[in-house]
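Report on the following structure.
Side chains included, hydrogens not; waters and symmetry mates left out as well; all remaining heavy atoms used. Chain identifiers are assigned alphabetically (A, B, ...) following the order of the sequence lines, protein sequences preceding nucleic acid strands; residue numbering begins at 1 within each chain.
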Amino acid sequence: MLDLVSALNPPQREAVLVEGGPLLVLAGAGSGKTRVLTHRIAHLIRERGVPPEAILAITFTNKAAGEMRERLAGLVGPAARALWASTFHSACVRILRREAHEVGYERDFTIFDQADQLRVLRACYEELSVDPKRFAPRAVLGRISDAKSRLLTPDGLADEVSGFFDDKVVELYRRYEDRLRLNGGMDFDDLLMLTVELLEGRPAVRERYQQRFEHVMVDEYQDTNHAQYRLVRVLGEPQRNVMVVGDDDQGIYSWRGADIRNILDFERDYPEAHVVALEQNYRSTGTILSAANAVVSRNRGRHPKRLWTDRDDGEPILLATCRDEHEEARLVAAQIRRAVDEGRSHAEIGVFYRTNAQSRVIEDTLVRDGVPYQVVGGPRFYERAEVKDVLAYLRVTANPADAVSFARMVGTPKRGVGPGCVARLSWYAEQLGIPLADAAAQADLVPDLRPAQRTALRELAELLTELRRLDEAGAAVDRILEAALDGSGLRAALAGERTIEAQGRLETLDELVVLAAEYQGRAEEPSLRSFLEEISLYADADAVDQESGRVTLMTIHNAKGLEFDVVMIVGLEESLFPHARSDTPDALEEERRLFYVGLTRARARLVLAHAQSRAMHGGRDYRLPSRFLAELPAEAVEATRSTLSTPAETSWSWGSGARRGAPDLQTGDSVMHATFGEGVITGVEQGGELVRVRFSDAERRLIAASAPMRKVAEG
DNA sequence: ATTCAACGCTTTTTT
DNA sequence: AGCGTTGAAT
């Protein structure tokens, strides 16, 4: 039998072996927390006789859940399959599918993604005659999401807020809720909120799940929100065998409602909690670790701690100054080449950035250089228009109440049925209290429709009947998908377009069919509903393939939990990283944690880059290096101007170091710029380092010292 | 009533 | 660079 603890260090061993009861593991980056988690579960199963199905293990991604199950199978054998290992959202769906009626939903409820949510919300704007320009829908949705993550109903929110904007939010939230229910739809926040309502509000249901889960374990606990916290709390009673693992330095989701206070609250709720700190890092070189420590220790709101390693210092961190984003991309390519020449595999290289848009230039360069790479995140496969179009047919098949999908389905391909027609149909459906799909079958009875529209609706209804028949007969998902593609005319419409774009979309749809077939072969109990559900809960991070032999490009958010031999972080510029929108002290600390997460992903080599100018919404911005660069210990860093192009005439340094004298520019001065021509200074920022200049076409912010620009007249 | 083309505005991070 | 809205053409 495998020895579960001999390879562990003392605190790790303690965390694995400690008796039941609440356990808080404060696990620094790279300190082996996944190992602790899996070994503890294995220990519970093997040594303490806990049945695998009595353990609920919450991970941050579906992929991590799968890996945990696999590792566990290696430790305790196939019994591990009975373990509930999943994300919060997947676990909630699993519970809600069984108990839907308890919270006023049908079992076949649909999960609405952000695009769906916006459609529902926009409909509410119409109904309530709210102007979307005055109340940005995305912002309102954000407020609703925030309320739900704190388990606030519209009434609860109303009690808490007041004011013109907030009153409207409450009003919209209330209507949004009604409409969601009408659609049989739940948004991501509902999955959590309704599960908490269910468990807290229905003693019989609660007891069932409490009895079932003897042990509850949560990874990445610092990124849980209030709803998740309450979920853990209610499931953990009465045994209180709750283990949470987290690191306050790695909390990067507060904008999504995550609350680091959950860690503090844990000790308050469970005063008897056992606390274990894992501070030995097994991942990174000494240099990387000390740099990461130096950066994160600038944050005020954190538990003081210091990760240590007994590894060598390794190589210095390479810091490259690039002229623009193209040079930065070439630097990335050159560094990849260098690493590969040294015998490293492409798979061991990760390139991180703050925003998805940054991947584009790098991709272009890598394609040109023939470097194999994968991009995680960005425009998502399942959110492409053509995919959503055909999925709308499947979603209505699975849930006839889903009016959002119905409207989408009716509109694509074009069949002469637009919003006006759908509105009439909805009116009719509402009068009779029947789903839109059924109303469509009776199109002949709906007033004020054109004959062609009646025909189109009838045909649609027939298609839906056919799809539903296939589904009920247990047809394979890829077969139902094919039937939708052909029956809807979606495929024919694209084929008829004969454009490159249409060709690409057809290929996308073929890919979807392949994915459906793959699902069909892989799923334990394949069904249309579970296929749609898997798609809805599919996360970008689930797609990371560390064995693909390719370089991985992704946002730092997606890099959480991963590690690479070589890590490059690009775009380290003020207003990009830290992002301009993170302008409060707290938000800035979160940006710093994000940087910390990025740094600590690296095992051996770290390359950091910033560009002096970057193309941004049409124009070109001139930028200062990120303040975070100045926070790196000087002895850990080797700075270089990218050697890939001729150095600019002016050089400048970052952070607290020497600063070149900028031309003395004042508001009102006239300047001549090499590229933009004549302009006038409209503002001076950051102690004269940056100037705002209005040119004939636009106002730009330039770095006073290095922009190719001279003063032509005093203001 | 639908559809299409132009315009103006905004873009962090994601389950 | 993309999206949503607006206005015009069918």
Side-chain angles (χ1 to χ4, degrees), chain A residues 58-65 86-93 111-115 117-119 122 125 131-133 136-139 141-142 145 148-149 186-193 220 223-225 227-228 251-258 352-361 376-380 382-383 385 410-424 448-450 452-453 456 533 535-543 554-560 571 575-583 587 590-591 593-595 597-598 615-619 621:
Chain A
I58 301 290
T59 56
F60 203 66
T61 62
N62 296 301
K63 182 161 176 282
S86 71
T87 63
F88 271 110
H89 290 87
S90 300
C92 287
V93 170
I111 300 165
F112 277 21
D113 67 14
Q114 188 175 305
Q117 295 179 55
L118 277 171
R119 280 169 196 274
R122 282 180 196 286
Y125 276 65
D131 181 3
K133 289 211 175 110
R138 299 182 77 94
L141 203 57
S145 170
K148 288 190 180 186
S149 74
M186 291 187 196
D187 63 25
F188 288 120
D189 300 301
D190 283 332
L191 299 177
L192 303 170
M193 185 171 176
E220 306 285 5
D223 282 323
T224 52
N225 64 27
Q228 292 165 334
I252 54 175
Y253 281 102
S254 76
W255 50 273
R256 194 168 93 180
F352 307 159
Y353 33 78
R354 178 65 177 80
T355 67
N356 282 303
Q358 290 167 255
S359 73
R360 188 112 183 206
V361 191
V376 178
R380 298 188 199 188
Y382 293 116
E383 280 167 18
V410 162
T412 42
K414 302 280 173 237
R415 43 167 77 87
V417 178
C421 177
V422 174
R424 288 194 185 77
D448 297 323
L449 294 186
R450 295 200 291 232
Q453 296 178 323
E533 185 174 299
I535 288 174
S536 297
L537 297 178
Y538 179 84
D540 290 327
D542 295 331
M554 63 188 142
T555 62
I556 306 180
H557 281 93
N558 270 322
K560 184 165 96 154
S575 89
L576 184 59
F577 195 12
H579 198 273
R581 293 189 61 156
S582 299
D583 51 2
E590 178 147 313
E591 294 282 315
R593 289 194 292 273
L594 190 59
F595 186 43
V597 168
M616 269 304 199
H617 5 116
D621 277 7

Can you tell me the distance, in whole Å, between the [atom1] atom of [X] and the [atom2] atom of [N]?
X        : N      : atom1 : atom2 : answer
A/Glu590 : B/dT14 : CD    : P     : 13 Å
A/Phe188 : B/dT15 : CZ    : P     : 8 Å
A/Arg138 : C/dC3  : CZ    : C1'   : 10 Å
A/Leu576 : B/dT11 : CG    : P     : 16 Å

**OP:** Measure the shortest side-chain to side-chain distance between A/Ile556 and A/Ile252 over non-hydrogen atoms and say whether it is less than 4.5 angstrom.
**Re:**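 Sidechains of A/Ile252 and A/Ile556: no contact.
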**OP:** Answer yes or no: is there a side-chain heavy-atom contact under 4.5 Å between A/Gln228 and A/Ile58?
**Re:**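 They are not in side-chain contact.
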Original post:
Between A/Tyr253 and A/Phe60, how do the two ring planes meet: parallel, tilted or perpendicular, split at 30° and 60°?
Top reply: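 Ring orientation, 0 to 90° scale: tilted.
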Subject >> Nearest-nucleotide 5' precedence on DNA chain B, A/Ser536 against A/Ser582 >> reply: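 Nearest nucleotide further toward 5': that of A/Ser582.
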**OP:** Provide the closest heavy-atom pair for A/Thr87 versus A/Asn62 in the form atom of the first, atom of the second, distance.
**Re:**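 Smallest heavy-atom distance, with atoms named: CG2-N, 3.4 Å.
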Is [X] touching bases, backbone alone, or none of the nucleic acid, heavy atoms closer than 4.0 Å?
X        : answer
A/Asn356 : sugar-phosphate
A/Arg122 : sugar-phosphate
A/Asn558 : sugar-phosphate

Taking only N/O atoms, report every protein-nucleotides 1-8 of chain B pair under 3.5 Å with atom names and distance.
from, atom 1, to, atom 2, distance (Å)
B/dT2, OP1, A/Gly418, N, 3.0
B/dT2, OP1, A/Cys421, N, 3.4
B/dT2, OP1, A/Gln453, NE2, 3.0
B/dT2, OP2, A/Gly420, N, 3.1
B/dT3, OP1, A/Gly416, N, 3.3

